[in-house]
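Quantities reported herein were computed from a predicted structural model and do not represent experimental measurements. Lettering of chains follows the sequences in order, A, B, ..., and the numbering in each one begins at 1.
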Amino acid sequence: MKQKLVVIGNGMAGMRTVEELLKIAPEKFDITVFGAEPYGNYNRILLSPVLAGEKGIDDIMLNDLQWYADNNITLHKGVKVTDVDRSACKVIGDDGTEAEYDRLLIATGSEPFIIPVPGKDLPGVISFRDIHDVDMMLEAAKNKKKAVVIGGGLLGLEAANGLMKQGMDVTVIHLMDWLMERQMDPVSGEMLKKSLEEQGMKFKLKASTSEILGKDEVEGIKFADGSELDADIVVMAVGIRPNIELGKKIGLHCERGIVVDDTLQTYDPKIYAIGECVQHRGETYGLVAPLFEMAKVCANHLAEFGIGKYEGSVTSTKLKVTGIDLFSAGDFMGDDTTEDIVVRDASRGIYKKIVIRDDRIIGAVLYGDTIDGAWYFQLMREATNVSDIRDALMFGQGHLGDSGHGGNVVADMTDDTEICGCNGVTKGEVVEAISKNGLFTLEEVRAHTKASSSCGSCTGLVEQLLEFTLGSDYEAPEAAPLCGCTNHTHDQVREEIRKQKLTSIDSVFKTLNWKTDNGCAACRMAVNYYLISTWPKEAQDDPQSRFINERAHANIQKDGTYSVIPRMWGGMTTPKELRAIANAAEKYDLETVHVTGGQRIGLYGISKEQLPLIWKDLNEEGLVSGHAYGKALRTVKTCVGKEWCRFGTQDSTGLGIKLEQMSWGSWMPHKFKMAASGCPRNCAEATIKDFGVVCVDSGYELHIGGNGGIKVRATDLLCNVETEEEVLEYAAAFVQLYREEARYLERTAPWIERVGFSYVKENIVDNAEKRKELAERFKYSQEVTRSQVDPWTERSINGVEAYEFTPLKVIG
Amino acid sequence: MSNWVEVGKLEDIPALGARIVKNGETDIAVFRNANDEVFALNDSCPHKQGKLSQGIVHGQTVTCPLHNWKIDLASGEAQAPDEGCTGHYETKVENGVIFIDV
Ligand code: SRM
Ligand SMILES: Cc1cc2nc3c(=O)[nH]c(=O)nc-3n(C[C@H](O)[C@H](O)[C@H](O)COP(=O)(O)OP(=O)(O)OC[C@H]3O[C@@H](n4cnc5c(N)ncnc54)[C@H](O)[C@@H]3O)c2cc1C
Ligand code: SF4
Ligand code: FES
């Protein structure tokens, strides 16, 4: 026979315990729940966004009535338990309902603290705890103007923010010298005040309320110093008190809360208690994270598994006011035995303070930039010795390690880093849930792990984890459409091209219901690329959907002239080539001859009509297009290597030439640069290239994903190989994976950060078969697109697209 | 007074493309859109004189190759939020032959 479990309190802690219990011992109990509020179980935290009009009541329901029915839970909603007969093991509700129990769980939460001043019971004095309170405030906001919020803590500020969003004129009264003194130091408190003032909130600090004024309803408020303020409503948000009314009445041992041990058991072994109503090791809590930790342990003991101890929680806080970022944890004030590291950038509105004792972080306050909050919190909870990373600490986790820039915050986190502070969910748990259960969306992760399902402030991190774990399978929920001409994302467009074998831009636009007739400059180029990279043989290249540089095979300059940069294979040249370049420069009277950053020579100031002429001259001396204009292979930079250099270990120059010969002319999502250095001194700067080779005595180190441009990124080391053939095969496979999967105009560096280095490695290194297939497909594409036919020859000698280079007519 | 000048055949311009007509010192960019309508603008972007003939044509608009301003082919006006206008010319196509009123 099943045992009977009765739960008193239909709130977040009680129902979380029931959920945990259903997970581990679904058949153990017949469950009956009493809830004084007339609803299913809702997310109390999100009352703030409801008040601010950012969410509706329906959005914050956690378990609706159907859930209770589905799980055979008897719910007595709107029934307050008034007594418990402990000897008969029976619970009694205020409507006379009775229920017997084998185990009882008390989860009655807290009550708002109402300061005992005259007038506190007047209509118009509202607390901020449940849906009913929010309804009253929303109602008042409709026809009343002035709101006074007593309490400048988390709750008070969220209430004030909400009322302001509802159009009320709001003044916050606070007893202390600065706001949120339990989470902030004076400096960050002042910054917060300033931001809120900018949004229109008013403050009266160091003010003690002595009376609430009014005859039949609230009219104003009076302070200890005698001054007064008009008010149509007064919201009391000065704090909470554990709700121990029932506990006391039935004779359980209570101090500030119902006293429980590490298994959440009260002094009566049949009765457990959990949530804000309890006192554990002398502490009471007012945030959900500890409650959820308790719920896990409590469920475990109710199920009689007997493992797990609740040992107290360290909490951190975030404020849910849109546009304000703050994070606070631990002892953020410090004392004589601590040191502070502080960064303050007033003009950017950023303040960070870390408090350290004995080389360990014991507290932190972040204002304006909270991205590293989770990291500091982790270091703090694990009492990590931070002396080694002290100088980098303030710059954040992204700056640790040698990659220098562009660190992916979640990628760098260890598995036990807590992602969701509310639900105590770690990175490892999220990643495991994603890969085991095949989750793809934020909603699914929420459903499976609870991460980001409470206050939502870790949503960004969870999304990053999805991205990090799924790689290119992940579609950010609001993934931007390719451009305004379509609702489809880059990845969707490419997928449809592949699935439906679309081979022309028109068919893509028709099939995918493009909103414009011929797209725009952004989507036409992208779609054209996706077509030719997916169907190299079948797709029609559309010159009109190429940027002018790729259409005219030269780079347009600001004055409308063009540049010409011939290829110098692997950075090698000959006197003959140099002479040809010199002759051309003289013949066409070019102003500028520049040695480029890519080891070749750039000629500038050529008019469009002259292009075929100069190309012809250069072609005749064996020079071909360097594609310095294309989303294509650019240069392969090399050093002289073992041919000459006393340190050279391999023929880096020869290898560079081979790489360039293999891949030139191939169209890519963005430009692609390679380099080969003869030894780890790395004179060719291979570690900031899309694909770099560093020769070593035993062979070749292959590096990928570097970028020396806008955001410098050092490469990731892909692997070591022994022969040149392998280098070429790995390079081809890597280029092809990039060509097939990166989004148009995404270079390898951001692509790898998006899909994850390990994803690329799996495809290229771990899976030899896949690598060979990719390399094969690259070769195929190079052959069928005739990409290695020099576009200059085509146009200067074979007359291709002659119209591009001649005027339609000369008149006048 | 109109001054219609024959400049070439419709088929000499690729659909969604442009060619230049040199008129003394000025370049006139002549565009053909997907519906075989023909437009003529001064080949000089109101932003920084980018050559509009080198841009990408879509609908009744050309996107400038230098900084992506979008210019209306019929009027030469820049699309909001950008502001500016480049001169435009009347055009007509008769029996596949393009005329511009210069
Ligand atoms: C010609 C050259 C400068 C020079 O005279 O030395 C050059 C010129 C231009 N670069 Fe560059 N870059 C040149 C080497 C580089 C390098 C150095 C290198 O390759 O070792 C870099 C940094 C390395 C890198 O790319 O990782 C570089 C990073 C950029 C970037 C930033 C790319 C990024 O991912 O952050 C851009 C902007 C872009 O591509 O969107 C850019 C864009 C440009 C453009 C194409 C701007 C444009 O669209 O007009 C310039 C074209 C001028 C022209 O017509 O030639 N150029 N550019 C160099 C050509 C090398 C060659 O022989 O092909
Ligand atoms: C506006 C607001 C914003 C918040 N924001 C955050 C935040 O950002 N982060 C965070 O971590 N925490 C936040 N909190 C705190 C968080 O909501 C609470 O810590 C959490 O809800 C406590 O859960 P609980 O189950 O202990 O209590 P509750 O959720 O209050 O549940 C107790 C339930 O028991 C019922 N009950 C009480 N007595 C009886 C009885 N005798 N019989 C039957 N039913 C009874 C009550 O009606 C109530 O429904 C916020 C709270 C509020 C009010
Ligand atoms: S750095 Fe590159 S893009 Fe910038 S001005 Fe120089 S050549 Fe042009
Ligand atoms: S010159 Fe045309 S957009 Fe700048």
**Message:** Under 4.5 Å from any heavy atom of chain B, what part of A:Arg524 do you find: side chain, backbone, both or neither?
**Reply:**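 For A:Arg524, side-chain heavy atoms alone lie under 4.5 Å from chain B.
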Heavy-atom side-chain contact between B:Lys51 and A:Lys608 under 4.5 Å
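Heavy-atom side-chain distance check fails, nothing below 4.5 Å.
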For B:Ile56 and A:Arg551, work out which heavy atoms get closest and say how close.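 Result for this residue pair: CG1-NH2, 3.8 Å.
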Practice prompt. Would you name the heavy atoms of B:Arg19 and A:Tyr803 that are closest together and state the gap between them?
Written response: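 Minimum heavy-atom contact is NE-O, 3.0 Å.
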- Would you mind checking which part of B:Val7 comes under 4.5 Å of any heavy atom in chain A, side chain (CB onward), backbone (N, CA, C, O), both or neither?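 Both parts, backbone and side chain.
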* Asked: Can you name the residues of residues 57-67 of chain B that have some heavy atom under 4.5 Å away from a heavy atom in chain A?
  ->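 Residues in range: B:Val57, B:His58, B:Gly59, B:Thr63, B:Pro65, B:Leu66.
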- Message: According to side chain to side chain contact (heavy atoms under 4.5 Å, CB included), who are the partners of A:Glu609, at least two apart in sequence or on a separate chain?
- Response: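 If we apply the side chain to side chain contact (heavy atoms under 4.5 Å, CB included) test to A:Glu609, skipping adjacent residues, the hits are A:Ser607, A:Pro807, B:Lys22.
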So, taking the atom named [atom1] in [X] and the one named [atom2] in [Y], what distance separates them when rounded to the nearest 0.5 Å?
X        : Y        : atom1 : atom2 : result
A:Asp517 : B:Asn35  : CG    : CG    : 7.0 Å
B:Lys9   : A:Lys809 : NZ    : NZ    : 11.5 Å
A:Ile505 : B:Leu16  : CD1   : CG    : 9.0 Å

Worksheet item: Does B:Lys48 use its side chain to pair, donor to acceptor, with the backbone of A:Lys558 at less than 3.5 Å?
Response: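 Not confirmed, B:Lys48 side chain does not pair with A:Lys558 backbone.
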Those residues that, when tested against A:Lys616, pass salt bridge (Lys or Arg N to Asp or Glu O under 4.0 Å) (two or more places apart) |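 Applying salt bridge (Lys or Arg N to Asp or Glu O under 4.0 Å) to A:Lys616 gives A:Glu620.
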* Partners passing salt bridge (Lys or Arg N to Asp or Glu O under 4.0 Å) against B:Glu90 (at least two apart in sequence or in another chain) ->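 Scan of B:Glu90 (salt bridge (Lys or Arg N to Asp or Glu O under 4.0 Å), adjacent residues dropped) gives none.
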